[in-house]
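Working notes for the structure below.
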Amino acid sequence: METNRQKKIAGVLQKDLAEVLQNAARDGMKGVIISVTKVQVTSDLGQAKVYISIFPQLKREIILKGVQENTASIRYEMARRTRDQLRRMPELHFFIDDSLDYIEDIDNALQGKKGNPIKNPDILDKRQKR
């Protein structure tokens, strides 16, 4: 169960991270859209799981790797932006948010493009709990 404090910090991080990542994408990667879909902060406020959605999908593994390699500079920029709101910047861990892919798979299955998922549940990918 998330506390109000965790939710508030997650909201602040989500908004500012979206700006930081979009600015980086605008500067270095034309035509790439990065959005922060969800942020979960641990109860001790020491770590944050950041779920990002990247368009186009073809580039997402490369971009995720780049984001992960630049986590230190992203965290520094975030600390600078939130210094009035947070005493300590949580450690950031980035993950791909694949929920849109999952929804698309379900949609395609329901439209009969992949077969019937009710008769054959193996059609849909198994989601991994993180």
(request) List in chain and number order the residues that pass salt bridge (charged side-chain N to carboxylate O under 4.0 Å, His left out) with K38, two or more places apart in sequence or in another chain; answer none if no residue qualifies. (result) none

(request) Would you check if I74 and L17 make a side-chain contact, meaning some heavy-atom pair closer than 4.5 Å? (result) yes

(message) Check for me, please, whether L21 and V32 land in the same ILVMFWY cluster - side-chain distances under 4.5 Å, paths through other members count.
(response) yes

(message) Please check this pair: side chain of T37 against backbone of Y51, looking for a donor-acceptor N/O pair closer than 3.5 Å.
(response) yes

(request) With the side chain counted from C-beta on, respond yes when V20 and R81 share a heavy-atom pair under 4.5 Å apart, and no when they do not. (result) yes

(request) List in chain and number order the residues that pass side chain to side chain donor-acceptor pair (under 3.5 Å) with K65, two or more places apart in sequence or in another chain; answer none if no residue qualifies. (result) E69

(request) Go through the structure and list residues passing side chain to side chain donor-acceptor pair (under 3.5 Å) with T71, not counting sequence neighbours. (result) none

(message) Please check: side-chain N/O of Q6 versus main-chain N/O of T3, any donor-acceptor pairing under 3.5 Å?
(response) yes

(request) Locate the shortest heavy-atom distance separating M78 from D16; write the atom from each residue and the value. (result) CE-CB, 3.5 Å

(message) Can you list everything that forms a salt bridge (charged side-chain N to carboxylate O under 4.0 Å, His left out) with R60? Sequence neighbours excluded, please.
(response) D101

(request) Working to the nearest 0.5 Å, report the span between CG of N23 and CD of E77. (result) 8.5 Å

(message) Within the 4.5 Å heavy-atom criterion, are D97 and I52 side-chain neighbours or not?
(response) no

Would you mind writing out the side-chain donor-acceptor pairs for residues 83-96 within the sub-3.5 Å range, not counting sequence neighbours?
{"residue": "R83", "atom": "NH1", "partner": "R80", "partner atom": "O", "Å": "2.8"}
{"residue": "H93", "atom": "NE2", "partner": "Q47", "partner atom": "OE1", "Å": "3.2"}

(message) Applying salt bridge (charged side-chain N to carboxylate O under 4.0 Å, His left out), can you list everything that pairs with K7, at least two apart in sequence or on another chain?
(response) none

(request) Any chance you could measure S35, atom OG, to Q14, atom CD, to the nearest 0.5 Å? (result) 9.0 Å

(message) With heavy-atom distances below 4.5 Å as the criterion, would you say the side chains of I9 and L45 are in contact?
(response) yes

